[in-house]
Novice: 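Mind looking over this structure? Questions follow.
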Number of protein chains: 2
Amino acid sequence: MHPAAKHNRIGIEEKILGANDREAANNRRLFAAAEVYVIDLMGSPGAGKTALLEATIPLLASQMRIGVVEGDMATSRDAERIAALGVPVVQITTEPLGGACHLEAAMVGRALDRLGLDELDLIFVENVGNLVCPAEFDLGQNARAVVLSVADGEDKPLKYPLAFREADLVLLNKMDLLPHLSVDMAALRENLKQVNGQTRRIELSAVGGTGVGAWTSWVRQAVERFCMVKV
Amino acid sequence: MHPAAKHNRIGIEEKILGANDREAANNRRLFAAAEVYVIDLMGSPGAGKTALLEATIPLLASQMRIGVVEGDMATSRDAERIAALGVPVVQITTEPLGGACHLEAAMVGRALDRLGLDELDLIFVENVGNLVCPAEFDLGQNARAVVLSVADGEDKPLKYPLAFREADLVLLNKMDLLPHLSVDMAALRENLKQVNGQTRRIELSAVGGTGVGAWTSWVRQAVERFCMVKV
């Protein structure tokens, strides 16, 4: 970019993010008033976010009332997978909205009407599959979790730092593939620590089940602290 | 978004894309004048784009002069991996440029001065790892290839259609992991065909070597047709 174009662009981005922050604050007030805990689940396409929800929801659904917001560029495939679990779900597809590569607070805000906030204790927002952009957009969530497939390599926290910096929790998924990969797990853990020394890390396999209990415990405790529901 | 905000945003995006198209046309003229063939390599973080270049460059370097532009949010790790192969490489990190989630034509244009266009027959541009945004930004390339890890699942072409629609070639990578995955390859091929019936598909393993020959043949023929270099 020419310096002028760059300056102009950054100005535009600040305006978009400012408008988003106001919508996020509004969502946050609605969530607090309804005593709903909201987790924004971020990660690349194929990191295993939907598979993780499929493993998680059956373990928690008897203890709390769960709803899901699904973000994708196109199709309602993920919403169909979640609906099969018997919990309320709203699909947001961004392609008709200009093809956004992330969810924005106002999109989530509009989905809440259809989800029925007062009937829920916990909402998972599965963001658009993208390790870069979603982290820039506050949705009014209580916590952010990044799902990273260990098949994607140990250097990802260093090369795509923003999402990891923003994360309260990092879920290293597809641990069942580890024997077949050349990924350096010690380096991955170290790279993660280097980018964000505060974030909690859980290593798991959404399809195999290993580590899923540690994640559901984290969720249960977070909801308990926030909502004071009996779980 | 409110309708007004949405309208405003789409207007802004059109302006940014319009400015990018002018820079891309300029790159395209420079590439044509220097008789350099340029391939924009897109895909999620961890799809295996750099590993593919590590497998590709040694097979082609005796037949043509290759340069690489590496795009990442942060670090020069990929450029270091490519430099180890003995070919000229320029790293673009987008975080100091406002954190862009994709390469833009002007960024590539500035990298060309450092790469020495007249000394090259082929340039690989490894875009920022992101299956959504890079496809929106023309870089002036001759061809676009999308790298998709088969570990990411069969539904990705349907859920992230733009990159696949834009692709001249789709490389299904990490085929060596297939015995350990539950991915439905027939559905993946069918989904790809549904989104883009014209694109060529090559199934390969950058680390295992299977299928890499089909890809290097495709590259060699494309360069031959374009540059009339003797390969």
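So that the names make sense, note that chain A is the first sequence line, chain B the second, and so on, each numbered from 1.
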Novice: Please find the pair of heavy atoms, one from A/Cys101 and one from B/Val132, that lie closest to each other, and give the distance.
Specialist: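 For A/Cys101 and B/Val132, the tightest heavy-atom pair comes out as CB-CG1, 3.4 Å.
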Novice: So which part of A/Val207 gets closer than 4.5 Å to some heavy atom of chain B, the side chain, the backbone, both or neither?
Specialist: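 Interface part for A/Val207: neither.
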Novice: For the candidates A/Ala47, A/Ala151, A/Ser149, A/Gly129, which exhibits the highest count of non-hydrogen atom pairs separated by less than 4.5 Å from chain B?
Specialist: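 Top count of heavy-atom pairs under 4.5 Å with chain B: A/Gly129.
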Novice: If the contact rule is any heavy atom under 4.5 Å from chain A, which residues of residues 153-161 of chain B qualify, in numerical order?
Specialist: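 Counting heavy atoms that sit under 4.5 Å from chain A, the residues of residues 153-161 of chain B involved are B/Asp155, B/Lys156, B/Leu158, B/Lys159, B/Tyr160, B/Pro161.
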Novice: Quick check: under 4.5 Å, non-hydrogen atoms only, which of residues 175-189 of chain B neighbour chain A?
Specialist: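 Within residues 175-189 of chain B, near chain A: B/Leu177, B/His180, B/Leu181.
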Novice: With chain A as the partner chain, list the residues of residues 71-88 of chain B whose heavy atoms fall under 4.5 Å from it, by residue number, and write 'none' if nothing qualifies.
Specialist: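 Hits under 4.5 Å: B/Asp72, B/Met73, B/Ala74, B/Thr75, B/Arg77, B/Asp78, B/Arg81.
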Novice: Quick one, A/Asn130 with B/Cys133, criterion side-chain contact (heavy atoms from CB on, under 4.5 Å). Give me CA distance, side-chain angles, the key distance, then yes/no.
Specialist: CA-CA 9 Å; A/Asn130 183 334; B/Cys133 314; 4.0 Å; yes
Novice: Kindly write out the residues that satisfy side-chain hydrogen bond (donor to acceptor under 3.5 Å, both in side chains) with A/Arg114, not counting sequence neighbours, or none if the list is empty.
Specialist: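 Applying side-chain hydrogen bond (donor to acceptor under 3.5 Å, both in side chains) to A/Arg114 gives none.
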Novice: Counting only heavy atoms closer than 4.5 Å, note whether A/Ser44 contacts chain B via side chain, backbone, both or neither.
Specialist: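 The side chain, not the backbone.
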